[in-house]
Each structure stands twice: as structure tokens, then as C-alpha cells.
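Side chains are part of it too, since the values below use all heavy atoms of this structure and drop only hydrogens, waters and symmetry mates. Order of listing sets the numbers, starting from 1, for every ligand and every atom in it. Residue numbers run from 1 in the order of the sequence given.
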Amino acid sequence: MPQAPQPQPGIMDIDLYVGGASHVEGVTDVIKLSSNENPFGASPKAVAAAQQAATKLHVYPNTDHASLRAAIGATYDLDPGRIICGAGSDEIIAFLCQAFAGPGDEVVHTEHGFAMYAISARAAGATPVVVKETNRTADVDAILAGVSDKTRLVFIANPNNPTGTMIGGNDLRRLARGLPDGCMLVIDGAYAEFVEDYDGGAALATEMPNVFMTRTFSKLHGLGGLRVGWGYGAQEVIDTLNRIRGPFNLSHVGLAAAEAAILDTEYQDWCKSENTRLRAQLVAGLDALNLPSDRSEANFVLARFADGDEAAAADAHLRGLGILVRRVSSYGLPAALRITVGDEPGVARTLAALRSFRDTQA
Ligand SMILES: *Cc1c(COP(=O)(O)O)cnc(C)c1O
């Protein structure tokens, strides 16, 4: 019998992405704090737009995403011609790897960097190269030292997932300036909206042809289920990525909801300020339980336990109480748990559960 072909080199080296858990056997009142979703959901205006769009499910979406790109451009004062939309920013990351990195090329990311960088690099046949962080924070000198003449892309999430830490604008600029010709810095701004006075790398990407910014509607905007993200960079880079983008990569439901979401700045501001307030509550509660964390700029906190066993026991205890958080052993952080900032009752319940976990240890 004829056999199926073998996969391309690199494909079988990919570790399957494991998403945050979403249910617990026998527990009904579950709070999911494992995927950095918006605890308040999407803007009611985005929900209404999606419902309206649902009356036209038989119609193909437009292919140029012009209306959404115009709304994004107007919001952030960016040229819509230099924006590309994808099925989540994950798809933009995949396009970048597919277009710019292949066999023999290297893709650099940091020690506790987002899993999709290595997955997409390998899928494109390229080799992921991991560089050390310092105190769970990207280290510009270590990244520059990890770049070789084979490096085509350097990915940095700023703030980073799962650490929550970020580097400042001067460091980002130093990194972009320090890269050799033919190597692009990709600043993943999935959590940029949560940070005060931060443009996600937009100004740098406007100015420098070797800087690209990715953004998403999945986090602050609460549209993870619809899969909408975008990228912004040099015109030639956008033109390149558009050649491999499927013409109908976004649904018109996603397009309509995302456009309504980005225009609802009042809802965004409210979600952002609630996140800041509730994150402070969560961090203070963790501190009181002797669970240190780095300063988080995002909508989650990385709580550090004594060791991997203690983190696993805490995870199991929380799970038993219907609270799902994220183990991050696959990110090289076995002794930590990543906890999404919930709504007020969610934060209170998480802290009460961790308090009762400490009691079991006494
Ligand atoms: C969640 C996340 C993304 C992408 O999410 P999409 O839903 O694909 O837009 C990208 N980067 C980081 C660091 C993330 O945490």
C-alpha cells in the first residue's frame, strides 16, 4: 500500500501547544484564570456587532480588512496601509516565520518567551535559539549576543507572557539598533494595552524598517474566541506578509466585533483600570501569603512557590476548589503558577483558596 509522505524536517520536533484548562470534573462554579482572558468579557458593542454580523453567515468576508485597519489606524495614529490583520496575532507570528525564516535560519527568543515563537519557527523549518533572561526579564545584551549572521527574526513579548515583566523604550531601541542587517525585531504587544504610557513599540516600528509590532484583540478586548490580531511594520514587510495571507483569513463576525471593540475606548479604559486595581489586590494578597512575584505589567501575575512540588500542590488545591490557573513548567518555570487577574470576586476567591492551601501546609 502507498504510504503518506513524511512531514517536513522540524515539524515533528514541535512540542504541542497546551492551552489553559477550562473545566474541572464535578465542580460547577469554575473560574478560568488560565488563559489571560478578560474577566468582564468583550465590550457590549462588540457583542452587538457580532450578533448583527451573524445574520450574514452565508456571505464571504471582505479580503482587505480595510474598515478594521482604518479603525486601528485612527485609534493609534498609524498608517492603515502598514497594518495587516490575522486570525489572532498567532497567525501574524506564523506569517513572519514563514516569510522570513527557513531551513538554516535562526529565530531568537528569550528563555521564558511565548511558546508560539518556537512552534512557528520550527513549522517554517527554521531553528529556534533560546537566550537567557536576567531575573525573568529580557536581557538586551544576552539577546544581541545570541544573534548570529543566521538570525532572521528576534521575538520579544513586551510585556512578556508568562513572566509579566517588560523592558523600557530605551532598551527596545538599543536592541533594534544593535541587530545586524537582515534581522528583524518583532515586538509582541499582546499585553501592551494594559501598560500606562506605552505604545507597544509602534513609534519604533514606524521609524525603523527592521522593527515589527504585533497586537491582539484577545486580551484587553476580550475577543479571544473570535481570533483577531494585527501587525504593523514597514510597507515592504506588510506587502510580503500579504502574499501568504489567505484572502479570507478573518471572518466578518470577527472583523465587525473587533472594529466595534477598538472604537469603544470607554470600555477599554474601564477594563484597563479595573485590571490595574485588581492586579494590585492580587499581588498584595500573594505577598501576604509569602508568594513573591515580579512586577507585572499585564493582566496576570506569576506567583513563585518554594519549588515545583509546592507549585503542583497549590495548583491541585486550587483546581479542587474550581479555580484554574496555569502551570508554566513548559516555560522553564516549574515552581511558578501564572494567575490571570480575575474580577473582584475572582481575585478574592483565588486568595482565599491560596490561604486555605497554606493552612493545609501548616
Ligand atoms: C495571547 C498571546 C498572543 C496571541 O494571541 P492571539 O489570540 O493569537 O492574538 C501573542 N503573544 C503573547 C505573548 C500572548 O500571550
Quick one: side-chain hydrogen bond (donor to acceptor under 3.5 Å, both in side chains) pairs with a partner in residues 176-190, sequence neighbours left out? Y117-D188
Could you verify whether a donor N or O on one side chain and an acceptor N or O on the other, from Y198 and N158, lie under 3.5 Å apart? yes
Residues at least two apart in sequence or cross-chain that pass salt bridge (charged side-chain N to carboxylate O under 4.0 Å, His left out) with K132, listed by chain then number, are E111
Quick one, L302 and S293 - any side-chain contact, counting heavy atoms below 4.5 Å? no
Would you tabulate the side-chain donor-acceptor contacts of residues 88-100 under 3.5 Å, counting partners in other chains and residues two or more places apart, or write 'none'?
unit_1, atom_1, unit_2, atom_2, d
E91, OE1, A87, N, 2.6
E91, OE1, N249, ND2, 3.0

Is the distance between the ring centroids of Y267 and F40 under 6.0 Å? no
Close residues, ligand 1: non-hydrogen atom nearer than 4.0 Å: G88, S89, D90, F114, A157, N161, D188, A190, Y191, T216, S218, K219, R227
